[in-house]
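Step one of this worksheet: look at the structure below.
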Amino acid sequence: MENDDDKRLLARVARGQTQAMRLLYERHHSALYAFIISRGSDGTAAEDVLHDTMLDVWRLASRYRGAASVRTWIFSIARNKQVDRVKGSARLTLVAEMPDTVDAAPNAETVIEASQDAEKVRACLDKLKNVQRTAIRLAFYEDLSYEEIAEIEDVPAGTIKSRIFHAKQALIRCLGQSGDLTIRAAKP
């Protein structure tokens, strides 16, 4: 569901209202920063990408047409800025995509709730491939749909489903390595 406040704020930004830009920044900067970090940036690089993203939001606000939610639009700008930065540093790593499969695994929320140890969860999330960690973060921390994530990542929705499926499988394996942890798969 589109946040009407975001649409109103972006319309005010398009009219050059700096207060609206500040509010839009405050609303999205933490999630954007985490998203950029999840795509492999260190803290300094993430700050640079975040800054460049918000500058583009300021400059391009009048071009927003509403095809995607404001949040998705901003995250797409951040993704593109991150890709440009990686290409510019010539450190692009190609990863073979996994084929689409039926997702029979429990949802990430169930996996995370199964482990009461937040450090273990963070450690397991850190072991995921960047594309999987990003998909998990956007789906379960930012509550975006597969279609919205696919638009942000500029890949088919099936690819996002596959990334999330494989990430959940990896999380189950990682979290299940603790002797006192039992993870039960959800029934299909």
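The analysis underlying the following values was restricted to heavy atoms, covering all of them including side chains, and did not include hydrogens, waters or symmetry mates.
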Between atom [atom1] of [X] and atom [atom2] of [Y], what is the distance when rounded to the nearest 0.5 Å?
X    : Y    : atom1 : atom2 : value
H28  : F35  : NE2   : CZ    : 13.5 Å
H51  : D56  : NE2   : CG    : 10.5 Å
D143 : R71  : CG    : CZ    : 8.5 Å
Q132 : L125 : CD    : CG    : 10.5 Å
K127 : R173 : NZ    : CZ    : 11.0 Å
R59  : I77  : CZ    : CD1   : 10.0 Å

Run the side chain to side chain contact (heavy atoms under 4.5 Å, CB included) test on Q19 and R12 for me, step by step, so that the C-alpha distance in whole Å, both residues' side-chain angles and the decisive distance to 0.1 Å come before the verdict.
CA-CA 9 Å; Q19 177 67 9; R12 290 175 47 207; 4.2 Å; yes
Minimum-distance pair of heavy atoms, taken over all atoms of [X] and [Y]:
X    : Y    : result
I37  : A46  : CD1-CB, 3.6 Å
I149 : I160 : CG2-CD1, 3.5 Å
L50  : Y33  : CD2-CB, 4.3 Å
A61  : V13  : CB-CG1, 3.6 Å
Y64  : K7   : OH-CE, 4.2 Å
F75  : A31  : CZ-CB, 3.9 Å

Determine whether a donor-acceptor pair (N or O, by modelled atom type, separation under 3.5 Å) exists between the side chain of [X] and the backbone of [Y].
X    : Y    : value
E142 : A139 : no
T134 : S38  : yes
R65  : S62  : yes
R133 : D126 : yes
T159 : V155 : no
R79  : I152 : yes

Counting C-beta onward and ignoring hydrogens, is there a side-chain heavy-atom pair between R39 and I36 closer than 4.5 Å?
no
Can you tell if the side chain of T53 reaches within under 4.5 Å of the side chain of Q82, non-hydrogen atoms only?
no
Given L10 and V57, is the side chain to side chain contact (heavy atoms under 4.5 Å, CB included) satisfied, shown in steps?
CA-CA 8 Å; L10 193 61; V57 168; 4.0 Å; yes
Between R163 and E153 (salt bridge meaning N to carboxylate O under 4.0 Å), is one present in this structure?
yes
Hey, is K81 close enough to D84 for a salt bridge, meaning N to O under 4.0 Å?
no
Would you indicate whether D42, at its atom CG, is surrounded by more than 12 heavy atoms from other residues, nucleotides or ligands within a distance under 6.0 Å?
yes
Just checking R15: does its CZ atom have more than 12 heavy atoms from other residues, nucleotides or ligands closer to it than 6.0 angstrom?
yes
Say whether T72 and S69, considering side chains only, have a donor N or O and an acceptor N or O under 3.5 Å apart.
yes
Criterion side chain to side chain contact (heavy atoms under 4.5 Å, CB included) on L32 and M54, from CA distance to verdict
CA-CA 10 Å; L32 276 171; M54 296 315 282; 3.8 Å; yes
Over-ring placement of R22 relative to Y25, 6.0 Å and 45° cut-offs:
no
Cluster question for you: counting only ILVMFWY and a side-chain heavy-atom cut-off of under 4.5 Å, with indirect links fine, are L55 and L23 together?
no
Assess whether side chain to side chain contact (heavy atoms under 4.5 Å, CB included) is satisfied between H166 and L128, documenting all intermediate values.
CA-CA 9 Å; H166 291 288; L128 294 175; over 6 Å; no
